[in-house]
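Structure first, commentary second.
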Number of protein chains: 2
Amino acid sequence: MASGTQGADERAVAQTEKAVIELFVRLAQVIGLQRTVGEIYGLLYATERPLTMDELTRRLRISKGSASQGLKLLRSFGAVRSEYIEGDRRDHYVAEVEVRHLLGGFLRERMQPHLAWGATRLNEIDQLVAVLPGDNHKVLKDRLVRLKRWRTRGQRLLPMILKLLRA
Amino acid sequence: MASGTQGADERAVAQTEKAVIELFVRLAQVIGLQRTVGEIYGLLYATERPLTMDELTRRLRISKGSASQGLKLLRSFGAVRSEYIEGDRRDHYVAEVEVRHLLGGFLRERMQPHLAWGATRLNEIDQLVAVLPGDNHKVLKDRLVRLKRWRTRGQRLLPMILKLLRA
DNA sequence: CAGTTCGTTCAATACCAAATGAACAAGAAA
DNA sequence: TTTCTTGTTCATTTGGTATTGAACGAACTG
């Protein structure tokens, strides 16, 4: 292969890498994760070979602290795992390329707690309106019934999405 | 009705109101909207009677600017509409009690653009990898195919959710 | 053992987006 | 017309949180 073509190759790969990182940075922002988390996952996703924390900090220009915390989060989501490499005591990280790991982990660890909190809160509100006399505050009661329907719906939605992730 | 019971009533209503607002504040935070937007929608949701901007700023202790911008956003979502009241030139706002208006508007105005952006970006990446020689970078190409599958999936998910909202 | 390497934690900092409020425009009232 | 009322916009301030980097513990190495 000619070295000119080779150079074009490298450029294309580098650009791709950058674009993939950008993609995951955006995804991270949309679902409310730190930009560094998106960067880390993006770089790992675009790289076949396992990377050390040191490589992540150098290539992404982020601090050791950010890398450590980002990787911790991504591991808790099951979106990244560390691979053992013979004769190197450093951790080597690879992306779980099934994106559902990232999204599934996010839903499990971040979304679910919110839904649970909302359900609890709605029950508490229920207690409050229960003491109100029957025909007064009819509209308020009606609206709360609507909200409770949403609790059910929301709790149904999560499994649905998870199922969709699996498909 | 005894005035003591009446007092208990008012307390319960006030607490309910507060709890409903809290609920929507949390929802707002989860989907990445400003706290004030959640507060506004929450108060309107908990109140039968249409409210003026002035009432919103006083009861929520937020600035006129925040109220104006929050209402603007909520109207753009179709989650709030203004009602004309005879002999009062001020705008009077009521919540669209179908929560799907809020979520639907959010998906339409906020989520959809991100998906569109991602789709465009993926096409650009496609162009980049297209120039790479066949068997090299096989893994990279494979991973991009995975991402493209997600574009399709994401674009399918949105209508699904919208349908669920309607149900 | 002392000296390195590696990863984590957390207090300090830097950054950014949300909230404010003054200034403004458009009507209405007087 | 002038004066109020009402709502919007936008430059500034504020508040919250993401990122940093120093300090630390643990686990190797020589």
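Residue numbers begin at 1 in each chain, while the letters A, B, ... track the order of the sequences.
The nucleotide range of DNA chain D contacted by chain A, defined by atoms under 4.0 angstrom from heavy atoms of the protein and reported 5' to 3', is dA18(D) to dC28(D).
Take D142(A) and apply the side chain to side chain contact (heavy atoms under 4.5 Å, CB included) test, not counting sequence neighbours, and it matches R146(A). Residues satisfying the side chain to side chain contact (heavy atoms under 4.5 Å, CB included) test with E96(A), not counting sequence neighbours, are R81(A), H101(A). Every residue two or more places apart in sequence or in another chain was checked for a side-chain hydrogen bond (donor to acceptor under 3.5 Å, both in side chains) with T47(A), and none qualifies. Remark: Y45(A) pairs with F24(A), Y41(A) by the ring-ring contact (aromatic ring centres under 6.0 Å, His included) rule, at least two apart or across chains. Taking R110(B) as the reference, nothing meets the side-chain hydrogen bond (donor to acceptor under 3.5 Å, both in side chains) condition, with sequence neighbours excluded. H92(B) meets the side chain to side chain contact (heavy atoms under 4.5 Å, CB included) test with P50(B), T52(B), I85(B), D88(B), R90(B); sequence neighbours excluded. For R59(B), the salt bridge (Lys or Arg N to Asp or Glu O under 4.0 Å) criterion is met by E17(B), not counting sequence neighbours.
Within the structure, side-chain hydrogen bond (donor to acceptor under 3.5 Å, both in side chains) pairs that include any residue of residues 121-131 of chain B comprise E22(A)-R121(B), R121(B)-E124(B), N123(B)-R151(B), D126(B)-K148(B) (at least two apart or interchain). Counting only residues at least two apart or on different chains, no ring pair (Phe, Tyr, Trp, His ring centres under 6.0 Å) pair has a member in residues 64-88 of chain B.
Within residues 62-93 of chain A, the residues that place at least one heavy atom under 4.0 Å from DNA chain C are, in residue-number order, K64(A), G65(A), S68(A), Q69(A), K72(A), R75(A), R89(A), R90(A), D91(A). Residues from residues 36-61 of chain A lying near DNA chain C, meaning a heavy-atom separation below 4.0 Å, are M53(A) in numerical order.
The backbone N or O of G65(B) sits nowhere less than 3.5 Å from a side-chain atom of S68(B) that would complete a donor-acceptor pair.
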